There are 2 protein chains.
Amino acid sequence: MQAPLEAMVFDRLKSVTSQDVAHAAGVSQATVSRVFAKRGNVQPITAEQVRRVAGELGYRPNVMARAMRTSRTGTVGIVVSRLGNPLYPLMLQTLGPKMVDAGLRMVVWSVDESDETCAIDAIKERSVDGVLMMTATAESSALREVVKSGLPVVLINRVVDGLPLDQVESDNRAGGTCVAHYFAATGRRRIALIGGPQAPSTIRNRDLGFRDQLAALGAPLKKQLTAYVENFSYAAGFAAAMRLLELATPPDAIFCANDVLALGARDAARRRGVRVPEDLWLVGYDDIDMAAWDAFDLTTIRQPINEMCQIATDLLVARIGGSTKTPGKTVVPNDLIIRGSTGRHPFPALG
Amino acid sequence: MQAPLEAMVFDRLKSVTSQDVAHAAGVSQATVSRVFAKRGNVQPITAEQVRRVAGELGYRPNVMARAMRTSRTGTVGIVVSRLGNPLYPLMLQTLGPKMVDAGLRMVVWSVDESDETCAIDAIKERSVDGVLMMTATAESSALREVVKSGLPVVLINRVVDGLPLDQVESDNRAGGTCVAHYFAATGRRRIALIGGPQAPSTIRNRDLGFRDQLAALGAPLKKQLTAYVENFSYAAGFAAAMRLLELATPPDAIFCANDVLALGARDAARRRGVRVPEDLWLVGYDDIDMAAWDAFDLTTIRQPINEMCQIATDLLVARIGGSTKTPGKTVVPNDLIIRGSTGRHPFPALG
DNA sequence: CTGAAAGCGCTAACAG
DNA sequence: CTGTTAGCGCTTTCAG
């Protein structure tokens, strides 16, 4: 039985120190420190005794003091923008337990692309041991700052070429290639693309793979069947698809640079009475939860989020631990998830 | 022009201290401290000089040291579970700038309802000045911990009765009442509810308001038209609605305890060929982005997120500042947003 | 294996 | 207004 919350005693400001524990246990403060810093060098019997007393007193090492002494905070910062895209909350949720396993606290900086100051301040103040960036671009000032600071940093999801950093991405280019092949080999005639700003490497590479493969197949993407949006929102996808569907000869297949755009596109088709998949095929990218929802039933490319998060965590942990391995890019493969928006048509054999 | 990222010099580990600045500026270390702690008491001319030198050296006060001395960390913790519900990322994004304005850093603990340890550890270690909980229930161990610790805490969104804490919620009960009135006064005959676990106050109160109002109108909610889900997912909403729609005489209106459930319910209707709003009205709660999407076009109740976040921030800041005002509950009103899932039928006059 | 002692960088009295 | 001084709670030599 737990005591009712209302009845709980406040022990505000009590703050038991290692000194207190030392007195109570009849050892020196240094010994208490050794026990909790897990530095070995303590007789098991003494350690046990200290731990017991500490437990009774409710002692917890003061992280600030420890951080000041060791200049290690035990915290990593995650820089992410646009939490509105469900992909990022998902990555955050995946990352959480992995960081806990690694013994690291995680602070999330949800930055506006235009205002990254809070992240930058924290980096300058060295209040984290390392940084994980999920939405970096070459223009990111937080990225500049963290590189300049020499703090361990790992890029996940988006990468930035030419930087001596650990980077983890999925093979977005192959994803684009795969969709182009899927469309072409299943007889799609008027293939369209809804792309976006080229700053994020993810978008750039999907775009590239898609275009190159279409060109290689002798049916390069037509200019009038290409729509570039300003931002990756549902509304932008909706508007872009509307434009494409209003053409005299509208597309019979659209590849969208990410799922959120594709959901918008799907609704544009719904609005215009264009049937999916009979009149129009639609493919997105990311496999966010909503892609599987009945209303959308969207064929898409799934990035192995769990694997990417694990790799990124391991890399960051190693780097914080002082690894001097030459940093490099890790590229993991991703899968085409076939659903109703392409009539569940199986992936055709290559060649 | 910015230098290319690749060419940047690493100044890792440099760490300029107030001591260094003091030397360079020919003043005492304490004066430097005063300048940066903004404690006044420094001649403007001296302060200016110190600031200039500090700027040249790239000095930044060490937060750890400051925190240790003042036992104020300048950081608040946000406890949130289930980032999968878009409402929470939205609240997080809204909170961010407000915390920045208040001069507070924000760390997000995305806790699994079953594993709140990271939040609890941080609370015990007092590594934050205060805590904001978005998804508290009476069972939350993090809540118990923070109450016990005496740390300033504010509950937002969900509240827990009988606790001497600042709490901010919208009037969920009135929301439920409003929907019941809307259904009844527009001639809905077979009114259903998709509810959920009663632990979150939000769900409990929506439920209560809805039921009470129906009863007051002489048409109490029928048992067989009530479905309780285990969790607030799309899939749960889908399954619950499926069950209701399979009844011999299915409902002609369903109120869902939140939008995510309602989106699932909408898709269940789509799957069964039940037309919305002709055969079935649907109302959700929260007005997440997706509710407005064409595929759903969902009538729902909107909570004033921005206002709630502002109030919660102000309360927390005041509490951290040492306010001893008797804590209490702030209840803000919310709005019915009428969309296609109820045929855009206007809200009938009361009485 | 354990204790004593020296700070990490900063703030906050206390004198001057 | 400014310098001096004494720690915040911890880790880490250095002796014993």
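Computed from a prediction, not measured in an experiment: that's the story for all the values here. Just so we're on the same page: letters track the sequence lines, and every chain starts at 1.
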Rounded to whole Å, CZ of R34(A) lies from P of dT11(D) at a distance of 11 Å
Taken to the nearest whole Å, CD/Q43(A) to P/dG3(C) is 11 Å
- Task: Using modelled atom types only, decide if a donor and an acceptor are shared between the side chain of S127(A) and the backbone of A122(A) within a distance under 3.5 Å.
- Result: yes
Q) Is it true that E125(A) and R66(B) make a salt bridge, defined as a side-chain N closer than 4.0 Å to a carboxylate O? A) no
query = Counting just side-chain N and O atoms, does S33(B) come under 4.0 Å of either OP1 or OP2 of dT11(C)?
reply = yes
With a 4.0 Å cut-off on N to O distance, would you call R52(B) and E48(B) a salt bridge? no
Residues L90(A) and T94(A): closest non-hydrogen pair is O-OG1, 2.7 Å
Residues in residues 23-32 of chain B with a heavy atom under 4.0 Å of DNA chain D, by number, are V27(B), S28(B), A30(B), T31(B)
From CD of Q19(A) across to P of dT11(D) the rounded distance in Å is 13 Å
Nearest heavy-atom contact between T326(B) and R319(B) is C-NH2, 4.1 Å
Stems with DNA chain C, 3 or more Watson-Crick or G-U pairs in a row (under 3.5 Å), are C:1-16 with D:1-16
Short side-chain to backbone donor-acceptor contact, R126(A) and S149(A), under 3.5 Å: yes
Should the pair K98(A)-D314(A) be classified as a salt bridge under the 4.0 Å nitrogen-to-oxygen rule?
-> no
Residues M64(B) and A67(A): closest non-hydrogen pair is SD-CB, 3.6 Å
Here the residues of residues 59-76 of chain A within 4.0 Å heavy-atom distance, strictly under, of DNA chain C are M68(A), R69(A)
Side-chain H-bond candidate by donor/acceptor type, S141(B) with E116(B), under 3.5 Å:
yes
Whole-Å distance, E125(A) CD to dC10(C) C1', equals 13 Å
Q49(B) CD to dT2(D) C1', in whole Å, measures 15 Å
Tightest non-hydrogen contact, residues A312(B) and L132(B), listed as CB-CD1, 4.0 Å
**Asked** Using a cut-off of less than 4.0 Å, is there contact between a side-chain N or O of T46(A) and OP1 or OP2 of dT2(C)?
**Response** yes
(request) With heavy atoms under 4.0 Å as the rule, sort T17(A) into base, sugar-phosphate or nothing. (result) sugar-phosphate
Correct closest heavy-atom pair for A47(A) and V35(A) would be CA-CG2, 3.9 Å
